[in-house]
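Since we're looking at a predicted model, the values are computed, not measured.
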Amino acid sequence: MRQAVALVFAACLLAGNLGWAGAAEAACILYDDSYGERLPSPDSDVALWWASSGWKVSQTRRVPSRKGRAIQISAARNEAEAAQLVVRPTRPLNEFTAKASSLTGPHGAVLPAETIEILRVRYVYVEFQTDAWGARDLWPDPLPPFTEPISLEAGKNQPLWVRVSIPRGAVPGVYSGTITLEADGFSAQVPLRVQVYAFELPDRMTCTTAFGFNAGTVYQYHALQDPEDREVVLNKYLEYFARNHISLYDPVPGHGIQVEWVKLGEDEGAEFDPATRALLQEKDLTPRFAWSDWDAAMESAIRDRHITTFQIGIPGLGGGTYMGHREPTLLDYKLGDPEFELAFNAYAKAVEAHLRDKGWLDMSYVYFFDEPNPRQYEFVRDQYVRLKNAAPGIGRMITEEIAPALIGGPNIWCPMTWTYNHDDAEERRAAGETIWWYICTHPKRPFAGVFIDHPGTDLRIWVWQTWQYDVTGLLFWSTTLWTTSLAYPDHPQNPYEDPMGWNSSPYVKGAREPWGNGDGRFVYPPEAAGGVASEPVLDGPVACYRMEMLRDGIEDYEYLAMLERLLDEKGDALPARTKRRFQSLLTVPEEISKNLMTYTKDPAPIERHRDKVAKAIEALSAR
């Protein structure tokens, strides 16, 4: 299998480099037909088959010849896992529906039907390939719900996304049930088999995340003006990200920290020298915070949505990107003014103290500058040194490779994956600093990326590589890039009709510079709001194939983290041979990821190793 996939990609790479679009399309991963199992069907005109969630199923690929008996899914308690049921009729099927039964397990235990969600796999047409791994064709990505019966075309595959969410406390073992398919003149019951592992995933993941989100874009596409409507829909998006273990830069949109700048009272400031005290009593340089609204929202986000990180703003740092930066100002003062220094230090220290009191300090980070160029390193470092001196407990994150000129400022390093240097990262870890990393419009092939027209394993592999290189956090710049005003100056983009993420930088209006299909987009608006709704749409977001793969990867990381913790706790009591075998499972096999550019495009090696880790966790948990 691995040889076949490697040959497919070698052919695709060659064709793309030579500009042979037709040959590239013929060889890309979308057209791989080496996977899947055919299932029994009561109607010779309707083929049924199933495949791992890690494959992107083409509408036109042939039905597999290998036979299977049931859809197979394995998951721990408090985990979601999916597989694909594919229907391929030779005649049109109208009024098609799919519904899951409850599942019966050991000693009469039951997984209710409500734990199984069946979504439609919808396709988007890729007109402009992200790179030579792509093809001009329909690619799967949105996963809308069944809101009404649908029609299936003759001669085309229609995958269904079968997602099982295992409840806490579920009895471990194998459960069986069926998925009932019905249409005009057709009915079938497809066996579903779910293995529940004898352990439970925690609510809060070990692998931290920090993702961008634009609530304004959601309100625009949903046509929401009423504050109550906005709150209802916003919460549905926040719940979606929570279910997928994603912490947003701002986990509580609309709930900011309220601050008022005031003069010190006559009986305050005894800790200052006379000159400083006089200045503080003369001018409005002392922050007074109203924390209640932000605190209440944050407490809910931490308790109910299990966030792992959040961005905190500290005024007076300036900011910018590689294109340019702005000098620090605060109130009416600039860097170097004594008033500036007093106000900055007071604000930063007060925020740090509050976060420490709440127990949130270790989750916080400042992200005031994005991807600085070398000419800006000194500026960035100097601002982070100021922050470190004022509030050393707040994280100082930078999206840039580890560079000597920056050392001493940031303490959370977040390079892009293709600029990651393991030796440099090890030095920073030894110094007590933290390593995250990110992907965005780059890297493209041969690296794992975010793109629709890349292998299905890419985002899951990204998290396995995160474990492989001892990285602890994932960052992504946007989840709701549904349009840009440059590419679509007259009307918003419909992400169902145009999957490309277009450059949003201030270049020529109307110019279209492609960033990559799906870049900046981890969720879709409801289908009724795809091109901006004409009236309010209160439905929640439409799931995304790539987010499902990312969630699976984060949960895989948790398996490995749980095994590592159990070995630390119980490993010494194991027979030496068993301990070595379990410890070896913590090393990512080369068949999954040899390096950042050589990794599996077939999900089977991931699933096999995940199962071995699960069985080791079960064995250790039972001791």
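Inter-residue side-chain proximity for L563 and L586 is flagged as met; some heavy-atom pair is nearer than 4.5 Å. Two residues are said to be in side-chain contact when any heavy atoms from C-beta on lie closer than 4.5 Å; P455 and K56 fail this criterion. With contacts defined as side-chain heavy-atom distances shorter than 4.5 Å, the pair V450/D519 qualifies. Looking at heavy atoms from C-beta onward, R122 lies in side-chain contact with E527 at the 4.5 angstrom threshold. Within the 4.5 Å cutoff, the side chain of L620 has heavy atoms near those of the R623 side chain. Contact of the L474 side chain with the V463 side chain is registered, since non-hydrogen atoms from C-beta on lie closer than 4.5 Å. In this structure, P253 and L238 have side chains that are in contact, with non-hydrogen atoms separated by less than 4.5 Å.
Nearest heavy-atom pair across I394 and A348 is CD1-O, 4.3 Å. The shortest non-hydrogen separation linking P525 to Y221 is CG-CD2, 4.2 Å. When every heavy atom of P410 is checked against every heavy atom of L406, the shortest pair comes out as CD-O, 3.0 Å. Of all heavy-atom pairs spanning E81 and A75, the tightest one is CB-CB, 3.9 Å. G212 and L248 get closest at one heavy-atom pair: O-CD2, 4.4 Å. Residues Q465 and A448 approach most closely at OE1-CB, 4.4 Å, considering heavy atoms.
Panel note: side chain R521, backbone L481; a donor-acceptor pair is recorded below 3.5 Å. Checking side-chain atoms of Y347 against main-chain N and O of V259 turns up no donor-acceptor pair under 3.5 Å. Formation of a donor-acceptor pair under 3.5 Å by the S102 side chain with backbone atoms of G177 is not found in this model. With hydrogens and angles disregarded, a donor-acceptor distance shorter than 3.5 Å links the side chain of E618 to the backbone of A198. With hydrogens and angles ignored, the 3.5 Å screen pairs a side-chain donor or acceptor of Y545 with a backbone N or O of S53. Counting only distance, with no hydrogens or angles, the side chain of Q84 and the backbone of W55 share a donor-acceptor pair below 3.5 Å. At distances below 3.5 Å, not a single donor-acceptor pair connects side-chain atoms of W482 with backbone N or O atoms of V218.
For the pair R428 and D424, the salt-bridge criterion is not met [side-chain N within less than 4.0 Å of a carboxylate O]. The pair E117-R163 counts as a salt bridge, with a side-chain nitrogen and a carboxylate oxygen less than 4.0 angstrom apart. Salt bridge present: D572 and K579 bring a charged side-chain N and a carboxylate O closer than 4.0 Å. Ion pairing between a basic and an acidic side chain is recognised when a charged N comes within 4.0 Å of a carboxylate O; E426 and R429 show such pairing.
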What's the verdict on side chain to side chain contact (heavy atoms under 4.5 Å, CB included) for C544 and Y240, showing C-alpha distance, side-chain angles and the deciding distance?
CA-CA 11 Å; C544 171; Y240 170 81; 4.1 Å; yes
In sequence, state the C-alpha distance, the side-chain angles, and the governing distance for N244 and L550, and then conclude on side chain to side chain contact (heavy atoms under 4.5 Å, CB included).
CA-CA 8 Å; N244 289 284; L550 183 64; over 6 Å; no
Step by step, work out the side chain to side chain contact (heavy atoms under 4.5 Å, CB included) result for I302 and M363.
CA-CA 10 Å; I302 292 168; M363 301 168 65; 4.0 Å; yes
Give the intermediate values and the outcome of side chain to side chain contact (heavy atoms under 4.5 Å, CB included) for residues L224 and V232.
CA-CA 10 Å; L224 302 178; V232 166; over 6 Å; no
I'd like to know whether E79 forms a salt bridge (charged side-chain N to carboxylate O under 4.0 Å, His left out) with R610, so could you lay out the CA-CA distance, the side-chain angles of the two residues, the decisive distance to 0.1 Å, and finally the verdict.
CA-CA 13 Å; E79 181 181 18; R610 171 180 173 270; 3.3 Å; yes
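Remark: the W413 side chain and the E433 side chain contain an N/O donor-acceptor pair separated by less than 3.5 Å. Using a 3.5 Å distance cut-off with no hydrogens or angles, the side chains of T399 and E371 do not pair a donor with an acceptor. Checked by atom type, the side-chain pair S52/E607 shows a donor-acceptor distance below 3.5 Å. For the residue pair Y384 / N411, no side-chain donor-acceptor distance below 3.5 Å is found, with atom types taken as modelled. A donor atom on one side chain and an acceptor atom on the other are found under 3.5 Å apart for E548 and W161. A donor and an acceptor atom, one from each side chain of H609 and D556, are nowhere located under 3.5 Å apart. Residues D229 and Y219 bring no donor and acceptor atom of their side chains to less than 3.5 Å of each other. Y237 and H222 are linked by a side-chain donor-acceptor pair at a separation below 3.5 angstrom, with hydrogens and angles left out of the test. When only modelled atom types and interatomic distance are considered, T206 and R565 share a side-chain donor-acceptor pair under 3.5 Å. Using a 3.5 Å distance cut-off with no hydrogens or angles, the side chains of S247 and T308 do pair a donor with an acceptor.
Taking the ring centre of Y599 as origin, the terminal cationic atom of K601 falls inside the region bounded by 6.0 Å and 45° from the ring axis.
R396 pairs in a side chain to side chain contact (heavy atoms under 4.5 Å, CB included) with only one of the listed residues (V380, L387, I314, V366), which is L387. Partner of F211 under the ring pair (Phe, Tyr, Trp, His ring centres under 6.0 Å) criterion, chosen from Y367, F310, F522, Y249: F522.
Taking the six-membered ring where the residue is Trp, W294 and W291 present tilted rings, their angle falling between 30° and 60°. Using the six-membered ring where Trp is involved, F241 and F213 have ring planes that are perpendicular, over 60° apart on the 30 and 60° scheme.
Surrounding NZ of K99 are at most 12 heavy atoms belonging to other residues, nucleotides or ligands under 6.0 Å away. Around the CG atom of D293, the shell of radius 6.0 Å holds more than 12 heavy atoms that belong to other residues, nucleotides or ligands. Annotation for R193: atom CZ does not count as buried by contact number, only 12 or fewer foreign heavy atoms lying within 6.0 Å.
I452 CD1 to R546 CZ: the interatomic distance, rounded to the nearest 0.5 Å, is 4.5 Å. From H245, atom NE2 reaches atom CE of M547 across 10.5 Å, with rounding to the nearest 0.5 Å. Going from atom CG of L85 over to atom CG of L192 covers 9.5 Å, rounded to the nearest 0.5 Å. One finds the OG1 atom of T309 at 12.0 Å from the CG atom of D362 (value rounded to the nearest 0.5 Å). I617 contributes atom CD1, which lies 5.0 Å from atom CE of M562 (distance to the nearest 0.5 angstrom). With values rounded to the nearest 0.5 angstrom, L201 atom CG is found 6.0 Å from E555 atom CD.
In this structure, F199 has its ring center under 6.0 Å from that of Y559. The distance between the ring centers of W462 and F476 does not fall below 6.0 angstrom.
Applying the salt bridge (Lys or Arg N to Asp or Glu O under 4.0 Å) criterion to K612, with sequence neighbours excluded, gives no partner residue.
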